[in-house]
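Here's the structure, in structure tokens; my notes come after.
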Amino acid sequence: MTLVLRNVRPWGGDATDVTLDGGVITAVGPAASEGAAPAGSASEGATVVEGRGRILLPSFSDVHVHLDSTRLGLPFRPHTGGPGVWNMMLNDRHNWRGAEASVAERATLTLGAMIERGTTRVRSYAQVDVDAGLERLEGVLAAREAHRDRADVAVIAFPQAGLLREPGSAEVLEEALRLGADVVGGIDPCALDRDPARHLDIVFGLAEKYSVPVDIHLHEPGQLGLFSAQLILERTKALGMQGLVTISHGYGLADLPAGQLHELIEEMGALDVSMATIAPAGAPLPLQQLAAAGVRVGLGQDGQRDYWSPYGNADMLDRAWQLAFTSKFRADELIEHCVAVATIGGSSVIDPRTRRLASVADRPGLAVGDPAELVLVEGDTVTAAVMDRLPGRTVIHRGRVVADRLQLV
Ligand SMILES: [Zn+2]
């Protein structure tokens, strides 16, 4: 099926037409059907989508989202978590089964809302531990199935409660991989499990056994975070896992002296270890330095209005604003780089074989041959679109319109 996006502005540039076929962009330039049929109608075998001068972007990629914990769409619930990862985990554990809807229902609703706002590439966590077993993973897999024609979703089996504190944790993580989780997760190997080598050996051992990538939540500060990151890099190198390891958060980077930070980032670039950020209020990632070292960086919503946090609203354009804001960016090039991170940056984290950002000025993903994973947004420029975050969006997955004006189609 051929789809023509008429009168669109790729990355906010000059207006043109973009033709999609077979799930990829096949032409950029005036489409043949001059004066063709109105929006949504078929014309000479091609369906025309009226861009009305909107900006064309690669679709958003959310690479750090906890679909298994979302409460978006449910009645608002005051926050009850205590300080620290373990207390927050316990708060979630004590409450999640009492939610007004099942994990599958909640994850399906939230994933739908994400697609409606322009996200078609997702890498979501599913918590697996001795309390939840595989229940939450099964909920996320059900949401993926419900939206299988609207978005590509990879699932990370995530040991939120650590691997060493509760007997049976490593076994349930392995079961999750047997059930079909795509990525193996880890978390704070020093601060949570207090035995970093054992924690990481389990995670990387499972990665090797099941041939899956690794994604590790690293909230640890300063030198502790650096130590854990170095252990992760050592294992990446020893196992030849270049391109297959992601450090999420990496809050500790913000505390490091310039020399140590530079050395770590260069090493990450050399081993092709990627990073995922949620654009936190403190500890912003050094985006320019990471881009200069060729480190792939993606963006995510994290938990969304869940037992951990009331933030998150399924809108990656909103989160791109937050990334720009927390990075204290004002220059258009840097704000637009945040959109590049939220789109192509993320897709290159999920799949290292796809296009990646060469610099903060790079705006790839909309050339002939690129995947037809696209979103149309309103705005004079990309920066203006980030500031205004207007609702007039059209979302395309595998060359088909899957959502329009914040509604699934
Ligand atoms: Zn997270």
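Order of listing sets the numbers, starting from 1, for every ligand and every atom in it. Just so you know, residue 1 is the first one in the sequence shown, and it goes up from there. What you see below is based on every heavy atom in this structure, not just the backbone, and it leaves out hydrogens, waters and symmetry mates.
In Arg97, the CZ atom is crowded: over 12 heavy atoms of neighbouring residues, nucleotides or ligands sit closer than 6.0 Å. By the neighbour-count criterion of 12 heavy atoms within 6.0 Å, atom CD of Glu263 is sparsely surrounded, having that number or fewer from other residues, nucleotides or ligands.
Each of Tyr307, Tyr125, Trp96 was scored for a ring pair (Phe, Tyr, Trp, His ring centres under 6.0 Å) with His66, with one residue passing: Tyr125.
Side chain to side chain, Thr394 and Asp404 meet the donor-acceptor criterion of an N or O pair below 3.5 Å.
Excluding water, every protein N/O/S atom under 2.8 Å from the Zn ion (ligand 1) is given here by residue and atom: His64 NE2, His66 NE2, His217 NE2, Asp302 OD1.
No donor-acceptor pair closer than 3.5 Å links the side chain of His219 to the backbone N or O of His249. Side-chain atoms of Asp388 never come within 3.5 Å of backbone atoms of Leu390 as a donor-acceptor pair (strictly under, hydrogens ignored).
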